[in-house]
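Accompanying notes for the structure given below.
Chain letters run A, B, ... following the sequence lines, proteins first and then strands; every chain starts at 1.
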There are 2 protein chains.
Amino acid sequence: MNQEIIKTYQLEASVFKAMAHPIRLFIIHQLQKQKHGVQELSNIVEIDISTMSRHLDVLKRHKIIDGEKINNNVFYTLKIPCVLEFMVCTNKVINQAK
Amino acid sequence: MNQEIIKTYQLEASVFKAMAHPIRLFIIHQLQKQKHGVQELSNIVEIDISTMSRHLDVLKRHKIIDGEKINNNVFYTLKIPCVLEFMVCTNKVINQAK
DNA sequence: ATAGTGTTTGTCTAATTGGCCAAATTGACA
DNA sequence: TGTCAATTTGGCCAATTAGACAAACACTAT
């Protein structure tokens, strides 16, 4: 295993990985429009709030979103709008005629 | 769990997932320049050829690359050049000053 | 200080993934 | 047909991940 190559692409891969989950893609899409809180998001997705908190943490750790505490609520915002351009390409991939 | 939302983003997530591995990102980069064969790639990365074959299969199944058999060798080509634009954005994410 | 609300973290479990080796498959060609 | 080279697939193991629930934590406001 050539560690040189692995190392070169590991960081990049980890950002892809952070986005490679349906709920996390949903979050990114939601935050494009406006800030959202943890509870709100977990209600929409109908998932345990602790699970949602973990998904948000994954995105935050990779600097894709940012959390801001206002009173008792944490509101998340999308830090990297260019992430959404990814999707355009992804959908080209998906919609390719084989 | 809101199956509606999951379903909406699952396909998209699976494309991200297909790319979310250092070796597969390396493959994508290599193929940008020219076709490559399985052995060749596995030599560069210094990984078992069977493992390389599986990585190529993942990318092929998601229509990111395409394989063409010429004699006894399978040569792979990048089908979706826009995938590389992803990387530009990804690196913006990575290089953000916190 | 205490209660109450909202969020994160610990722990466990089931499922998925990446790696290697060995075996099977494919296709070219003698 | 049989052999050889290249590739893929089966099987196994170790590591990682997503999910739920419960417990801990952080803040606000009585």
Side-chain angles (χ1 to χ4, degrees), chain A residues 1-3 5-7 9-28 30-31 35-62 64-77, chain B residues 1-3 5-7 9-28 30-31 35-62 64-77:
Chain A
M1 181 107 77
N2 187 330
Q3 287 306 125
I5 290 174
I6 303 299
K7 218 174 131 196
Y9 291 100
Q10 197 131 48
L11 204 58
E12 207 166 317
S14 73
V15 177
F16 275 85
K17 212 168 163 185
M19 295 191 285
H21 188 284
I23 290 175
R24 294 198 289 267
L25 288 179
F26 165 76
I27 293 169
I28 290 170
Q30 280 304 109
L31 298 189
K35 306 182 175 202
H36 286 281
V38 185
Q39 273 198 86
E40 193 185 355
L41 290 168
S42 78
N43 285 338
I44 302 175
V45 182
E46 291 168 23
I47 203 176
D48 195 278
I49 196 168
S50 70
T51 305
M52 179 55 77
S53 178
R54 288 216 150 96
H55 282 302
L56 290 163
D57 184 54
V58 170
L59 293 173
K60 195 171 63 180
R61 281 202 322 268
H62 288 89
I64 296 166
I65 66 175
D66 220 349
E68 172 195 14
K69 191 155 192 172
I70 301 177
N71 291 332
N72 262 355
N73 304 280
V74 180
F75 289 96
Y76 286 92
T77 48
Chain B
M1 180 109 77
N2 187 331
Q3 287 307 125
I5 290 173
I6 303 299
K7 218 175 130 194
Y9 291 100
Q10 195 130 48
L11 204 58
E12 208 166 315
S14 73
V15 177
F16 275 85
K17 212 169 164 186
M19 295 191 287
H21 189 284
I23 291 176
R24 294 198 288 268
L25 288 180
F26 165 76
I27 293 169
I28 290 171
Q30 280 304 110
L31 298 190
K35 306 182 174 200
H36 286 281
V38 184
Q39 273 199 86
E40 194 184 354
L41 290 168
S42 77
N43 285 339
I44 301 174
V45 183
E46 293 170 21
I47 204 177
D48 195 278
I49 196 168
S50 69
T51 305
M52 179 54 76
S53 178
R54 287 214 152 97
H55 282 303
L56 290 163
D57 185 54
V58 170
L59 293 173
K60 196 171 62 180
R61 281 201 322 267
H62 288 86
I64 296 165
I65 65 175
D66 220 348
E68 171 197 14
K69 192 155 193 173
I70 301 176
N71 291 333
N72 263 355
N73 304 280
V74 180
F75 289 96
Y76 286 92
T77 49

Describe the nucleic acid contact of B/Phe75 in one word from base, sugar-phosphate, nothing, applying a heavy-atom distance below 4.0 Å. nothing
When you measure from the side chain of A/His21, which nucleotide among D/dT8, D/dA18, C/dG19 comes out closest? D/dA18
Under 4.0 angstrom between [X] side-chain N/O and [N] OP1 or OP2:
X       : N      : result
A/Ser53 : C/dT8  : yes
A/His55 : D/dT17 : no
B/Thr51 : C/dG18 : no

Please list residues of residues 37-48 of chain B whose heavy atoms come under 4.0 Å from any atom in DNA chain C, ordered by number; otherwise none. B/Ile47, B/Asp48
Plane angle bin for A/Phe26 and B/Tyr9 - parallel if under 30°, tilted between 30 and 60°, otherwise perpendicular: perpendicular
Aromatic plane relationship, A/His55 with A/His21 - under 30° parallel, 30 to 60° tilted, over 60° perpendicular: tilted
Shortest non-hydrogen contact between B/Tyr76 and B/Ile65, atoms and distance: CD2-CD1, 3.5 Å
Identify the two heavy atoms, one from A/Leu11 and one from A/Ser14, that lie closest to each other, and give their separation to 0.1 Å. O-OG, 2.6 Å
Calculate the interatomic distance between A/Ile6 atom CD1 and C/dG18 atom C1'; express it in whole Å. 11 Å
Which comes earlier along DNA chain D counting from the 5' end, the contact point of A/Val58 or that of A/Lys69, where each point is its nearest nucleotide? A/Val58
Any donor-acceptor pair under 3.5 Å linking the side chain of [X] with the backbone of [Y]?
X       : Y       : result
B/Arg24 : B/Leu56 : no
B/Asn71 : B/Asn73 : no
B/Glu40 : B/Gly37 : yes
A/Asp66 : A/Lys60 : no

Contact nearer the 5' end of DNA chain C, comparing A/Met1 with A/Ile49: A/Ile49
Using atom names, set out every protein N or O paired with an N or O of nucleotides 10-16 of chain C below 3.5 Å, distance rounded to 0.1 Å.
| from | atom 1 | to | atom 2 | distance (Å) |
| --- | --- | --- | --- | --- |
| C/dG10 | N7 | A/Arg54 | NH2 | 2.8 |
| C/dG10 | O6 | A/Arg54 | NH1 | 3.1 |
| C/dT11 | O4 | A/Arg54 | NH1 | 3.4 |

N/O to N/O distances under 3.5 Å, protein versus nucleotides 28-30 of chain D:
none

